[in-house]
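Here the structure is laid out as structure tokens; the discussion comes afterwards.
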Amino acid sequence: MDDFEPTIIAFVCNWCTYTAADLAGTSRLTYPTNVRLIRVMCTGMVDPKYIIKAFLEGADAVLVSGCHPGDCHYINGNYKARRRMKLLKAILPRYGFSEQRLKLTWIGASDGIQFARTIREMVEEIKELGPNEARNAAVV
Amino acid sequence: MAKTALYDIADKNLQGALASFLQSLLADDNISAVMVPMRQSGNDTVMQTLVTDPEQLSAADPFSPAFPMNAARLVSRLTKRSPGETVATVLRPCEIRAHIELVKLKQGQVDDIIIIGIDCPGTLQNNDFRKLAGKDPESTTDRFLTAALDGKTQFDEAVELPPACKICTHPVPEGADIGIGIFGMDIKKQFLLSAGTEKGEGLLDRLGLNVQEPPDGREEAVGSIVSAREASQGEVFAAVHEKTDTPEKLAEYLSGCINCYNCRVACPVCYCRECVFVTDVFDHDPFQYLRWAKRRGKIRMPTDTVFYHLTRMAHMTTACVGCGQCSNACPNDIPLAELFSMTASHTQNAFDYEAGRSLEEDPPLAVFREDEFAEVVEIKH
Ligand code: SF4
Ligand code: SF4
Ligand code: FES
């Protein structure tokens with residue numbers, strides 16, 4: 001499995017994690033190219049079906065990342081995102097999508113270093129885990 | 001201890017006694033109508049019917065095993081705004097619990113209804129009901145009750161309780177204003193009326209019934225039904241889990257699905273006015289199908305099937321009451337009730353929530369607290 005390059009879909013909020021990713025770029029920090037960023041206005045708008053769809057399309061992991069508690073620009077979107085994460089973690093692993101593939105983090109706008117580290121660690125972890133269980137099964 | 005009364009059954013005629021009890025409700029100044037499952041004229045169909053003429057109640061059949069739909073949807077129609085008058089609605093436990101979920105979703109209320117709940121020995125899926133009723137529609141309910149109260153789950157060579165009922169651990173109508181009890185009762189002689197709320201107590205008082213304790217065997221009878229159901233729930237969930245524990249197996253489990261969405265139409269707690277799966281979002285361009293097929297070498301048509309079911313699980317299983325109507329509605333006999341009940345047990349557990357338990361508990365996805373579920377956040381600093 002040495003040549004396995006995981007695909008990670010990251011839903012990042014405009015105000016915190018996206019800004020952090022941007023900062024990582026402008027600060028010339030390097031992180032693996034396995035991640036596809038999807039900029040959303042707030043983690044509170046990430047409907048469970050976006051995450052489910054990503055997995056069914058073969059994503060090896062999904063990251064949802066937004067502002068730290070108390071910092072959400074829409075006051076409480078990240079608290080809603082946390083509940084949805086709790087919900088999906090009660091569903092998806094039961095059907096064989098391992099729990100490690102689904103992550104929620106808070107990464108603030110000034111934390112480019114944290115962003116780069118998170119992606120690096122995640123790619124390592126998923127490489128170890130192997131491809132998404134649904135990747136080759138024509139499951140949609 | 002809830003206030004209880006015993007209602008005498010004349011001439012061993014349960015149906016007759018139930019009809020006269022319902023007539024006494026209609027005679028109450030505060031009640032304008034009764035909604036109750038009723039035999040429809042001309043055939044053996046049993047359907048909820050809104051009755052204002054007491055004479056009509058002779059066809060009432062609240063214990064019929066027919067369960068063509070979860071009536072919470074109908075109660076929601078009657079209560080989405082105040083009808084201005086009070087309706088007594090005769091409901092099964094899973095219908096009451098679904099209605100409680102709908103009230104919390106602002107799709108109904110309880111102020112203008114009196115909920116008359118029934119002890120539910122189970123139901124039959126539509127086809128099975130017709131098979132059982134076919135031979136002798138008049139006696140269907142009696143034949144069913146005699147066997148079901150004797151603990152049987154099989155009624156004919158080919159007619160048995162659906163899995164949803166075999167694993168239902170809520171056979172007694174919690175949340176009802178008044179419950180009609182038949183478990184542990186001699187239903188040739190008496191049924192039990194128990195008030196579960198102040199509204200129910202007031203009504204029992206007005207009906208002038210003698211307050212009496214339930215007979216000795218009652219609690220034990222209920223207990224043994226519940227523990228038998230719990231045991232089969234464990235077995236059924238384990239079997240479903242075994243059949244669905246990888247994405248491929250889940251797809252196989254759902255492979256007969258034709259995306260007709262009957263299951264969500266029949267589901268009392270699938271609360272969206274318009275399901276996203278019937279919107280333009282899923283009206284894909286033709287080239288899209290070909291692109292998917294090329295990427296994997298093949299694509300099952302119709303598409304989006306597993307996607308639909310997983311999304312429905314995420315959207316509504318915290319409110320699933322296990323009524324089994326999804327299975328009843330499926331044209332392809334996909335065992336959905338077990339799948340959704342099993343998933344519901346996990347999602348409701350995750351939030352320490354139980355669908356239909358209480359009007360006071362907020363639906364898990366409608367609220368949040370600042371300090372909770374730290375375990376799902378990967379990096380906490
Ligand atoms: S998912 Fe099925 S069992 Fe659950 S409430 Fe809806 S119809 Fe009833
Ligand atoms: S009712 Fe059956 S066939 Fe129709 S969408 Fe639901 S599972 Fe699929
Ligand atoms: S704006 Fe960043 S999580 Fe809400």
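Reminder, nothing fancy here: chain letters follow the sequence lines and each chain counts from 1. Every value quoted in this text rests on a predicted model; they were computed, and no experiment measured them.
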### Task
Step through the shown structure and confirm whether more than 12 heavy atoms of other residues, nucleotides or ligands are within 6.0 Å of CD on A:E128.
no
### Query
Side chains of A:L56 and B:V306: closer than 4.5 Å at any heavy-atom pair?
yes
### Task
Would you confirm whether A:R94, through its side chain, and B:T246, through its main-chain N or O, come within 3.5 Å as a donor-acceptor pair?
no
### Summary
Between A:L88 and B:A314, the two heavy atoms sitting closest are CD2-CB, 4.3 Å
### Message
Among A:K103, A:K86, A:E133, A:K49, which residue has the highest count of heavy-atom pairs closer than 4.5 Å to chain B?
### Response
A:K86
#### Entry: Close side-chain approach of A:F55 to B:L310, heavy-atom, < 4.5 Å
no
### Task
Check whether A:P69 gets within reach of chain B through its side chain, its backbone, both or neither, counting any heavy atom under 4.5 Å.
neither
### Query
In Å, rounded to the nearest 0.5 Å, how long is the span from CZ of B:F307 to CD1 of A:I52?
6.5 Å
### Heavy-atom pair count under 4.5 Å with chain A, highest-scoring of B:H315, B:K249, B:H241, B:E252
B:H315
### B:L290 CG: over 12 foreign heavy atoms closer than 6.0 Å
yes
### Query
Could you give the distance from CZ (B:F373) to CG (A:L104), rounded to the nearest 0.5 Å?
12.5 Å
### Query
What heavy-atom pair brings A:L87 and B:T347 nearest, and what distance separates the two atoms?
CD1-CG2, 3.8 Å
### Task
Check whether A:D47 gets within reach of chain B through its side chain, its backbone, both or neither, counting any heavy atom under 4.5 Å.
side chain
### Query
Between A:R83 and B:E372, is there a salt bridge with N-O shorter than 4.0 Å?
yes
### Message
Does any backbone or side-chain atom of B:V367 lie under 4.5 Å from a heavy atom of chain A? Answer side chain, backbone, both or neither.
### Response
both
### Query
Non-hydrogen atoms of chain B under 4.5 Å away: do they reach the side chain of A:E57, the backbone, both or neither?
both
#### Entry: chain A contact via B:R369 - side chain, backbone, both or neither, heavy atoms under 4.5 Å
both
### Query
If you draw a 6.0 Å radius around CD1 in A:I75, do more than 12 non-hydrogen atoms from other residues or ligands fall strictly inside?
no
### Query
Donor-acceptor pair, A:R84 side chain versus B:L365 backbone, under 3.5 Å?
no
#### Entry: Stepwise side chain to side chain contact (heavy atoms under 4.5 Å, CB included) test for B:V376 and A:R82
CA-CA 7 Å; B:V376 304; A:R82 189 169 55 192; 3.7 Å; yes
### Side chain, backbone, both or neither of B:F351 within contact of chain A (heavy atoms, under 4.5 Å)
side chain
### Which atoms of B:D371 approach chain A - backbone, side chain, both or neither, heavy atom under 4.5 Å
backbone
### Query
Is the CZ atom of B:R291 crowded by more than 12 outside heavy atoms at less than 6.0 Å?
no
#### Entry: Worked verdict on B:D304 versus A:K53 for side chain to side chain contact (heavy atoms under 4.5 Å, CB included)
CA-CA 9 Å; B:D304 302 309; A:K53 178 68 171 171; 3.9 Å; yes
#### Entry: side chain to side chain contact (heavy atoms under 4.5 Å, CB included) evaluation trace for B:M313 with A:Y95
CA-CA 12 Å; B:M313 286 174 191; A:Y95 299 112; 3.5 Å; yes
### Query
Does the side chain of B:E378 pick up a donor-acceptor pair with the side chain of A:W106 at under 3.5 Å?
no
### Euclidean distance, B:M342 CE relative to A:I91 CD1, rounded to 0.5 Å
10.5 Å
